[in-house]
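So the structure is just underneath, and the comments pick up after that.
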Amino acid sequence: MSQYQAVKGTRDIFPEEAARWKHIEGVVHSLASMFGFSEIRTPVFEYTELFQRGIGATTDIVGKEMFTFLPDPTGRSLTLRPEMTAGVMRAVLQKNLLSMAPVHKLYYISELFRKERPQAGRQRQFSQFGAELIGVSTPAAVAEVITLMMQVFESLGVRGLKLRVNTLGGSEERLRYREALQGYFAPFHAVLDEASKERLEKNPLRILDSKNPDMQEIVAGAPRLYDYLTASSVEDFEKVLFYLGDRGIGYDIDHRLVRGLDYYCNTAFEVISSELGAQDAIGGGGRYDGLAREFGSSSDVPASGFAVGMERLLITMEKQGLFAALDSRGPLVYVILQNQEFGDHGLQIAYRLRKAGIMTEIDLVARSMKAQMREANRIRTSYALFIGATEVETGLYALKNLVTSEQTTLSLEAVIEILREPAAKELMQ
RNA sequence: GUGAUUGUAGCUCAGUUGGUUAGAGCGCCAGGUUGUGGCCCUGGAGGCCGGGGGUUCGAGUCCCCUCAUUCACCCCA
C-alpha cells in the first residue's frame, strides 16, 4: 500500500473504464446536438453566495455539503460547484445572452463536488451530464428536456428505469399550500423527527418526501398540493404528460416527489434505477422560472433542465452488461524484435506503420520474443510483425495473423497495404 | 454528522483454543521451445499482517486508541 491514496470520495478512472466514459460522452454529445443543444463549460468554482441564493440556504447541499474556501484572508468566499444549473444561469445572465436570442439551449458534462459521506453511487467528486433550456418553459419546452434525457438512456440501451413526475405549482400556489401544510403539521410538532421539525419552518414541502417510516402515517393525511393548484397549472402539467405519452415515454405520477433544490417550480421529475442500491436516483430535474430573479434579474426567466449522474449511469450499464462490445480492442499490430540488436530497425518500422495510419505497438523494455508475443496476445493485437536478421537482410517481413495463426512473408509496402484501415488513416491526418 | 462493516502479496481471499522461517488461486517475471502468443509444466520475485499502544514467555490472532474502506441513515446525480 502506497503512502498516498486518492482523497476520500474521489477515485481514478483507468483506461478500460475511460473507454466506457468516452462511449457515454459520445452519445450525449451527439444526441444533445441532435436536439439543438450546444455545449457550455463554466468554472469549477463560483462565489459561495451564488449557490446560497440559487440552491437555497436551507437545503442540505448548501447547509452542509459544500466545499467552501477563502482564496486569501481578504477575498470573497468561494465554493466548488455542487451542481451546474446555478453556474449556467449565472453565465447566461452575465453575458446577457437573452438579449441576443430569446431561447438558449445548453448542455454540459462536468465534475461536481459535494462533501458527503461516500457510499455506493455517491462520491465527493462526481460527474453529471445535463441540459438547460433557458428562455421558455412551456410544456413543450419541458417535454423537450425530459425527452432528451430519456433518449440518452434509450440510445445507450439502459433498461428498467422509472420516470417519476410531479408538479410543484407556481409560486403563489406553493405559498398557499405551504401555509396549509404548516397548519396541518403544527399539531404533530411533538411527534415529528428533528429534520422534519426544521423543515416545518423552512420548507414544509420537504417533509412530504421524508423516508422516515414514522413520518409516513402523518404525511399520508397531509393536504395535497394538487388541491391548491389553479386550473392553468393543472393544464400545464397535463400537457407535459401528454407529450410524454405521445412519445411513448412511460412515467408514474408521484405527488410526494419534492426535489431538494429550492429553485424548482411546476414540473419536477426524477429517474430511478433499480441497479443502484440506496442511492437510486440516476437523474432528475425540473422547471426553475424563479432562479434568474434570485440572481438579480428584474423578472422571471422561464427555464427547465435535467442532470444525470455519470457514475450512477456507469454502474447501471455495467450491471446490465452494456459495455461488452467496448472491451475487446487493442492495437492492430505488434512489432516483435528477435532481440535488441534490431531495436532501432523495429522502431523505424513502427514509426512508418504509424505514419501510414496503422495502430502499432512495440516493446520498449528489451523483453524476450516470447514475452513480446505474450504481450501482443495480452493486449489483443490482431497481427505480429517480426523483425530479425532475415528481415533486415531481405527487406521481407514475416507477418503473422494472431487470430488465425497464419503467417506470410511480405515487403513492408505489402504489409502496410494489408494493415491499412480507413478509420485509422483518418486519425493520422 | 450518526450507525455498522472490513483492513493479511498487485487482485480475490485462507490463516485452527494465541505457539517455529505467514499461505493459496489469479496476475507478474523467467525457463521448458537460442525466430513465434494463447493451453500445459517448472521455478522466481513480491508481505513493517493499515498504524500506534497494551496483555502475554510468545500476538496476523486477544484488548484499547487511531487511520482508512465499504454499506446504510440523511440527502442527492
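Proteins come first, then strands; the chains are lettered A, B, ... in the order of their sequence lines, and each starts at number 1.
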Show which side-chain atoms of residues 31-45 of chain A pair as donor or acceptor with protein atoms under 3.5 Å away, not counting sequence neighbours.
from, atom 1, to, atom 2, distance (Å)
Ser33(A), OG, His29(A), O, 3.0
Ser33(A), OG, Ser30(A), O, 3.1
Glu39(A), OE2, Arg41(A), NE, 3.1
Glu39(A), OE2, Arg41(A), NH2, 3.3
Thr42(A), OG1, Arg81(A), NH1, 3.4

Using only heavy-atom distances, determine whether the side chains of Glu361(A) and Thr381(A) contain a donor-acceptor pair under 3.5 Å. no
What is the separation between atom CD1 on Ile61(A) and atom P on C74(B), rounded to the nearest whole Å? 16 Å
Gap between atoms CE and C1', on Met373(A) and U33(B) respectively (whole Å): 13 Å
Could you give the distance separating C73(B) and C65(B) at their P atoms, to the nearest angstrom? 27 Å
If you look only at pairs with a residue in residues 389-411 of chain A, which of them pass as a salt bridge (charged side-chain N to carboxylate O under 4.0 Å, His left out), with sequence neighbours excluded? none
Listed partners of Glu311(A) passing side-chain contact (heavy atoms from CB on, under 4.5 Å), at least two apart: Trp21(A), Gln123(A), Phe126(A), Ser127(A)
Quick one: the side chain of Gln407(A) and the base of U36(B), do they pair up donor-acceptor inside 3.5 Å? yes
All pairs passing salt bridge (charged side-chain N to carboxylate O under 4.0 Å, His left out) where residues 117-134 of chain A contributes a residue, at least two apart: Glu116(A)-Arg122(A)
Between Phe188(A) and Tyr184(A), how do the two ring planes meet: parallel, tilted or perpendicular, split at 30° and 60°? tilted
Rounded to whole angstrom units, what separation is found between the CD atom of Gln372(A) and the P atom of C28(B)? 16 Å
Separation of A77(B) C1' from Ile55(A) CD1 (nearest whole Å): 13 Å
Under 3.5 Å, which donor-acceptor pairs do the side chains of residues 335-348 of chain A form with other protein atoms, sequence neighbours left out?
from, atom 1, to, atom 2, distance (Å)
Gln338(A), OE1, Ala389(A), N, 3.0
Asn339(A), OD1, Glu341(A), N, 2.8
His345(A), NE2, Tyr397(A), OH, 2.8

Summarise how protein sits on nucleotides 40-47 of chain B as a single string, 5' to 3': B when a protein heavy atom is under 4.0 Å from the base, S for sugar-phosphate-only contact, - for no contact. --------
Looking at residues at least two apart in the chain, or sitting in another chain, which of them share a ring pair (Phe, Tyr, Trp, His ring centres under 6.0 Å) with Tyr226(A)? His255(A)
From C-beta outward on Ser405(A), which listed nucleotide comes closest to its side chain: A30(B), G38(B), C74(B)? G38(B)
Any heavy-atom pair between the side chains of Tyr383(A) and Ile418(A) that's under 4.5 Å? yes
Interatomic distance, Phe269(A) CZ vs A77(B) P [rounded to whole Å]: 10 Å
Pairs: protein N or O with nucleotides 66-71 of chain B N or O, under 3.5 Å:
from, atom 1, to, atom 2, distance (Å)
U69(B), OP2, Lys8(A), NZ, 3.1
C71(B), OP2, Ala120(A), N, 2.9

Quick one: which residue pairs count as a salt bridge (charged side-chain N to carboxylate O under 4.0 Å, His left out) with a foot in residues 270-279 of chain A, not counting sequence neighbours? Arg164(A)-Glu270(A), Arg259(A)-Glu270(A)
Quick check: do Ser233(A) and Glu173(A) have side-chain heavy atoms less than 4.5 Å from each other? yes
Where along residues 122-129 of chain A does a heavy atom come under 4.0 Å from RNA chain B, residue by residue in number order? Arg122(A), Gln123(A), Phe126(A), Gln128(A)
Separation of U36(B) atom P from Ile336(A) atom CD1, nearest Å, is 11 Å
If pairs are Watson-Crick or G-U with both distances under 3.5 Å, what is the dot-bracket string of RNA chain B, marking crossing pairs with [ ] and pairs to another strand with |? ((((.((..((((.....[...)))).(((((.......))))).....(((((..]....))))))).))))....
How would you list, by chain and number, every residue that makes a ring pair (Phe, Tyr, Trp, His ring centres under 6.0 Å) with Tyr47(A), sequence neighbours excluded? none
Figure out the CE/C1' separation between Met369(A) and G37(B), and round it to whole Å. 10 Å
